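Note that the structure is a prediction, hence the values are computed from the model and not measured. In this chain, residues are counted from 1 in sequence order.
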Amino acid sequence: MNARGLSGVEKEYINKHHKHEIKDNQCTSFLIKHVKAPVHLVWSLVRRFDQPQKYKPFVSRCVVQGNLEIGSLREVDVKSGLPATTSTERLELLDDNEHVLSVRIIGGDHRLRHAICSIGERKSSHPKNFLQNYSSIVSVHPEVIEGRPGTMVIESFVVDVPEGNTKDETCYFVEALIKCNLKSLADVSERLAVQDRTEPIDRV
């Protein structure tokens, strides 16, 4: 996704929270999701570094080593059918005031399990390592949607471009995974919001 067509508020959040150091052999992008649930519900899911499976559909199991703090590591088991089986990830930032989470992948098996990876209409015919030097930032922000408390979720990433792939292909692949995660986050959050029976905001 590019910055064209963004609102002033969206640009402000991205400039403030989504700063990545990008090398020549890397690509970066961001995605925005508007969720019909209040920010405290959405953040309660996003901040759970120790339980990403609460909303991430591709995670089957997660084990955190030690206490939950900056620098903590988690071992994530990924469901079959994806170009990974395990992932070792480090908590880089957890800010409960600004509602920002940052995670970096530092190890694991991210090699394609099959020679062909197909997402949508694009195909990559080379078995290779994806998600090398992958780092992501997720920020959540309150907004009003249809008169009720809602949340804007922004997720950005930077990752190495594998040999034999273009930056566009790599970004397309990663964005497809993130879109699935954000859709699931919205679905889970909105179900919780219905249970919470959030009242409409009174407009003066």
Side-chain angles (χ1 to χ4, degrees), residues 1 3 5-20 28-64 67-70 72 74 76 78-79 82 87 89-105 131 134-159 174-203:
M1 188 172 184
L6 294 179
S7 69
V9 172
E10 291 169 339
K11 290 179 181 178
E12 178 183 346
Y13 290 148
I14 291 170
N15 290 334
K16 182 177 181 180
H17 299 296
H18 296 264
K19 296 178 180 178
H20 297 276
T28 184
S29 186
F30 64 88
L31 293 95
I32 298 175
K33 183 72 173 178
H34 299 278
V35 182
K36 295 178 180 179
V39 69
H40 75 272
L41 287 180
V42 180
W43 178 242
S44 72
L45 296 169
V46 171
R47 74 176 306 281
R48 292 304 299 267
F49 177 78
D50 57 332
Q51 293 187 25
Q53 66 269 32
K54 278 184 171 289
Y55 76 90
K56 292 188 175 183
F58 304 125
V59 175
S60 60
R61 180 172 174 268
C62 175
V63 177
V64 173
N67 297 325
L68 185 59
E69 57 190 6
I70 303 303
S72 291
R74 69 184 181 191
V76 174
V78 181
K79 293 181 180 179
L82 285 176
S87 181
E89 303 170 2
R90 183 173 64 219
L91 180 61
E92 301 284 287
L93 176 65
L94 179 61
D95 189 330
D96 283 315
N97 293 321
E98 295 284 352
H99 297 150
V100 182
L101 172 79
S102 179
V103 176
R104 180 181 296 273
I105 293 178
L131 305 182
Y134 179 88
S135 178
S136 71
I137 299 172
V138 183
S139 64
V140 302
H141 312 276
E143 63 178 356
V144 178
I145 302 176
E146 298 175 358
R148 291 180 177 271
T151 302
M152 178 194 306
V153 183
I154 305 173
E155 182 161 356
S156 63
F157 68 89
V158 61
V159 67
V174 178
E175 285 176 354
L177 296 179
I178 292 177
K179 284 177 182 177
C180 290
N181 287 337
L182 292 179
K183 182 183 183 303
S184 179
L185 174 62
D187 291 342
V188 174
S189 299
E190 289 168 6
R191 283 199 300 269
L192 289 173
V194 170
Q195 297 170 8
D196 202 42
R197 295 184 179 179
T198 305
E199 294 299 323
I201 294 176
D202 291 330
R203 294 184 179 276

For a quick test of reading the model, state the closest non-hydrogen atom pair linking Q53 to V59 and the distance between them.
CB-O, 3.6 Å
So, taking the atom named CG in L177 and the one named CG in L31, what distance separates them when rounded to the nearest 0.5 Å?
10.5 Å
Ignoring hydrogens, what is the shortest heavy-atom contact between L101 and W43? Give both atom names and the distance.
N-CH2, 4.0 Å
Rounded to the nearest 0.5 Å, the CG atom of L45 sits from the CG atom of L192 at a distance of 6.0 Å
Say you draw a straight line from CD of E92 to OG of S135; how long is it, rounded to the nearest 0.5 Å?
6.0 Å
Evaluate the criterion salt bridge (charged side-chain N to carboxylate O under 4.0 Å, His left out) for residue pair R191 and D187; output intermediate values, then yes/no.
CA-CA 6 Å; R191 283 199 300 269; D187 291 342; 5.4 Å; no
Quick one: pull up OG in S72 and CD in E89 and give me the separation to the nearest 0.5 Å.
12.5 Å
Could you pull out the closest heavy-atom pair between N15 and K19, with the gap in Å?
O-CE, 2.8 Å
Where is the tightest heavy-atom contact between F49 and L91, given as atom of each residue plus distance?
CZ-N, 3.5 Å
When every non-hydrogen atom of V64 is compared with those of R74, the smallest separation belongs to CG2-CB, 4.0 Å
Are V39 and H99 side-chain neighbours, meaning at least one heavy-atom pair lies under 4.5 Å?
yes
Does any donor atom in the side chain of S139 or H17 lie under 3.5 Å from an acceptor atom in the other side chain?
no
Would you check if the distance from the ring center of Y13 to the ring center of H141 is below 6.0 Å?
yes
State plainly whether the residues E190 and K36 are in salt-bridge range, i.e. N to O under 4.0 Å.
no
Rounded to the nearest 0.5 Å, how far does CE of M152 lie from OG of S7?
5.5 Å
Verdict with supporting geometry, K54 and V188, side-chain contact (heavy atoms from CB on, under 4.5 Å):
CA-CA 8 Å; K54 278 184 171 289; V188 174; over 6 Å; no
Out of curiosity, L182 CG to E155 CD, how far, rounded to the nearest 0.5 Å?
5.5 Å
Measure from the side-chain N and O atoms of T28 to the backbone N and O of F157, and report whether any donor-acceptor pair falls under 3.5 Å.
yes
If you count the non-hydrogen atoms of other residues, nucleotides and ligands that lie under 6.0 Å from CG in D96, is the total more than 12?
yes
Please examine the side chains of N181 and K56, heavy atoms only from C-beta on, and report whether any two atoms are closer than 4.5 Å.
yes
Exam field: side chain S184 to backbone Y55, donor-acceptor pair closer than 3.5 Å
yes
Do the side chain of T151 and the main chain of V35 share a donor and acceptor less than 3.5 angstrom apart?
no
For I70 against L94, the heavy-atom pair lying closest together
CD1-N, 3.4 Å
Expected output: side-chain S102 to main-chain S136 donor-acceptor under 3.5 Å:
yes
Using modelled atom types only, decide if a donor and an acceptor are shared between the side chain of S189 and the backbone of A186 within a distance under 3.5 Å.
no
